[in-house]
Engineer: 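Dropping the structure in here first, questions after.
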Amino acid sequence: MELLNKSLRELGNLIRKKELKPSELLETLLKRIEETEEKLNAYITVTEEEARKRVEVADRELEKLSEDEIPELFGIPISIKDNINVEGVRMTCASKILKDFISPYDATVVKRLRERGAIFIGKNNLDEFAMGSSTETSYFGPTRNPWDLERVPGGSSGGSAAAVSARSALASLGSDTGGSIRQPASFCGVVGLKPTYGRVSRYGLTAFASSLDQIGPITKNVEDAALLMNIISGQDSKDATSAKVPVPDFLSSINGEVKGLKAGLPKEYFVEGIEPEVKEKVFEAVKRLESLGIEFEEISLPHTAYAVETYYIIAPAEASSNLGRFDGVRYTYRAKDYKDLIDMYKKTRAEGFGDEVKRRIMIGTYTLSAGYYDAYYLKAQKVRTLIYRDFEESFKKVDFIVTPVSPTTAFKIGERTDDPIKMYLSDIFTIAVNLAGLPALSMPCGFDSSGLPIGIQFIGKAFDEETILKVGNALEKELKLNTLPPL
Ligand code: GLN
């Protein structure tokens with residue numbers, strides 16, 4: 001466990017100094033996966049054989065390379081949410097419709113990690129097509145929270161967060177459309193960063209809602225998130241929405257000065273409905289940040305009140321279009337008995353998709369249909385602009401914004417499955433960030449009285465991940481929480 005608890009940089013250094021062999025690290029990790037998977041179900045696929053082959057080569061190469069020729073992730077196994085393509089590996093999106101689909105290529109983020117020496121250990125469980133907040137809609141069964149096996153790990157990147165928390169993954173990449181990196185990170189007591197829209201290439205990420213989706217790191221600590229951001233960020237010719245903005249060295253700036261920074265506390269984010277203990281711990285963290293010289297002031301984000309409704313128009317609309325490609329012709333699953341082509345489409349989709357995905361496709365198709373488009377979709381786009389402007393106004397006064405990640409800690413498995421609205425509300429504090437395209441960091445700031453982790457969110461200006469990572473790193477050092485679950 002001591003080894004698996006180390007940061008990516010520490011592991012990289014041990015390998016570089018040839019004090020640790022990639023094969024030793026892999027075997028330790030595989031053992032931990034074996035120990036925990038029966039309880040957690042955090043992986044859909046573990047690519048044990050492929051990883052063993054790769055480390056064997058890495059072990060040999062290591063002998064020949066000098067210390068400074070060895071890239072920072074050399075021989076380090078990383079896990080990937082199962083809606084991101086890793087060449088030659090099954091990518092299911094936790095759906096029956098893709099259950100046997102083999103990725104023909106690497107996503108850009110995967111390619112970039114590979115170039116820095118990473119190897120891939122497997123694909124993490126998620127809500128089907130990343131639609132959910134609990135990892136319960138997976139065709140492969142729910143993932144459990146390592147802090148309490150009766151509870152959900154959050155979602156949709158629940159497998160990634162649970163694995164990193166249980167140390168059955170050293171680090172993982174997730175995706176965040178409305179909170180899917182940050183909310184599970186918060187439920188599992190780990191760090192999750194949703195980058196600015198356009199910061200990280202989406203090429204190779206299965207599209208859910210293309211104007212909202214971003215890939216980002218889920219890690220044990222802030223430093224690891226900064227390290228992964230250094231590698232995965234930057235423009236990519238394969239994703240037209242990836243931005244041509246210079247990528248700073250996030251790792252070297254995390255230790256920078258936080259004194260004198262101005263932070264905003266949006267009054268709309270601390271209202272009723274939020275568990276008192278969550279509020280308490282977030283305010284305690286605020287006090288600690290104040291003691292480091294950060295100045296706080298109250299701000300207002302009035303259109304936040306409409307964020308969930310706006311999201312549940314825009315995201316399903318985009319999803320209904322994006323998921324049109326899963327028709328039984330080009331991808332694996334196809335219904336057995338059908339009369340003609342239309343019947344084949346219908347049966348394939350009826351059998352292949354789960355209930356939540358169907359619900360989204362139906363809502364999206366409805367809101368985009370003639371006669372309703374103006375009333376719903378167009379209106380939602382206008383509200384989206386207002387939400388963005390709220391942030392723009394606030395960022396004239398403050399450098400970053402502090403909120404809870406979710407109104408509650410991890411809830412019980414099954415508790416919200418029959419009540420989609422209640423499920424949707426667990427993202428009430430994360431969704432506006434996606435609608436505005438901003439970066440946000442989720443990190444642990446304490447525990448509730450049952451010992452469940454509580455998360456704090458730092459929202460940054462567009463393309464200013466540096467500030468929120470720096471503040472996160474300062475808070476982490478200040479709090480020194482023990483984030484290892486008793487598993
Ligand atoms: N929970 C939200 C949803 O169900 C967000 C999901 C996500 O970020 N992928 O859509």
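In what follows, every heavy atom counts, from backbone to side chain, and hydrogens, waters and symmetry copies are set aside. In listed order, ligands and their atoms are each counted from 1.
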Engineer: Could you tell me whether Ser175 and ligand 1 have an N or O pair separated by under 3.5 Å?
Structural biologist: no
Engineer: If you have a sec, work out which protein heavy atom is nearest atom 2 (C) of ligand 1 and how many Å separate them, to one decimal?
Structural biologist: Asp427 OD2, 3.1 Å
Engineer: I want to know if ligand 1 touches Gly155 in the polar sense, i.e. an N/O pair below 3.5 angstrom.
Structural biologist: no
Engineer: Enumerate the atoms of ligand 1 whose separation from the nearest heavy atom of Ala130 is less than 4.0 angstrom.
Structural biologist: 6 (C), 7 (C), 9 (N)
Engineer: Please check: side-chain N/O of Asp213 versus main-chain N/O of Phe208, any donor-acceptor pairing under 3.5 Å?
Structural biologist: yes
Engineer: Does Tyr333 have its ring centroid less than 6.0 Å away from the ring centroid of Phe326?
Structural biologist: no
Engineer: Give me the residue, atom name and distance of the protein heavy atom closest to atom 7 (C) of ligand 1.
Structural biologist: Ser180 OG, 2.4 Å
Engineer: Please report whether ligand 1 has a polar contact with Met131, defined as an N or O pair separated by less than 3.5 Å (distance criterion only).
Structural biologist: no
Engineer: So if I count the atoms of ligand 1 from 1 in the order they appear, which ones are less than 4.0 Å from some heavy atom of Ser156?
Structural biologist: 9 (N)
Engineer: Less than 4.0 Å is my threshold; does some heavy atom of Gln183 fall inside it relative to ligand 1?
Structural biologist: no
Engineer: Using a 4.0 Å heavy-atom cut-off, say whether Tyr424 meets ligand 1 through its side chain, its backbone, both or neither.
Structural biologist: neither
Engineer: Is it true that Gly132 lies under 4.0 Å from ligand 1, counting heavy atoms only?
Structural biologist: yes
Engineer: Can you tell me if CZ on Arg359 sees more than 12 non-hydrogen neighbours from other groups inside 6.0 Å?
Structural biologist: yes
Engineer: Does a donor on one side chain sit under 3.5 Å from an acceptor on the other, for Ser172 and Ser160?
Structural biologist: yes
Engineer: Looking at Phe411, does the NZ or CZ of Arg151 lie under 6.0 angstrom from its six-membered ring centre and within 45 degrees of the ring axis?
Structural biologist: no
Engineer: Is the number of heavy atoms from other residues, nucleotides or ligands within 6.0 Å of CZ (Phe270) greater than 12?
Structural biologist: yes
Engineer: So that I know where these two stand, are Phe187 and Trp147 an aromatic pair - ring centroids less than 6.0 Å apart?
Structural biologist: no
Engineer: What residue and heavy atom of the protein are closest to atom 4 (O) of ligand 1, and at what distance?
Structural biologist: Arg360 NH2, 2.7 Å
Engineer: Report, in ascending order of atom number, the atoms of ligand 1 lying under 4.0 Å from any heavy atom of Gly178.
Structural biologist: 5 (C), 7 (C), 8 (O)
Engineer: Quick check: Tyr312 and ligand 1, any N/O pair under 3.5 Å apart?
Structural biologist: yes
Engineer: Please test Ser133 against Tyr424 for side-chain contact (heavy atoms from CB on, under 4.5 Å), starting from the C-alpha separation and ending with a verdict.
Structural biologist: CA-CA 7 Å; Ser133 310; Tyr424 297 171; 5.8 Å; no
Engineer: With a 4.0 Å cut-off on heavy atoms, is Tyr311 touching ligand 1?
Structural biologist: yes
Engineer: What are the atoms of ligand 1, with element, lying closer than 4.0 Å to any heavy atom of Phe208?
Structural biologist: 9 (N), 10 (O)
Engineer: Hey, mind stepping through Ile218 and Val191 against side-chain contact (heavy atoms from CB on, under 4.5 Å) and telling me if it holds?
Structural biologist: CA-CA 6 Å; Ile218 296 183; Val191 172; over 6 Å; no
Engineer: With ring pair (Phe, Tyr, Trp, His ring centres under 6.0 Å) as the criterion, how do Tyr105 and Tyr203 come out once you've worked through the C-alpha distance, each side chain's angles and the decisive distance to 0.1 Å?
Structural biologist: CA-CA 10 Å; Tyr105 67 95; Tyr203 179 72; 5.1 Å; yes
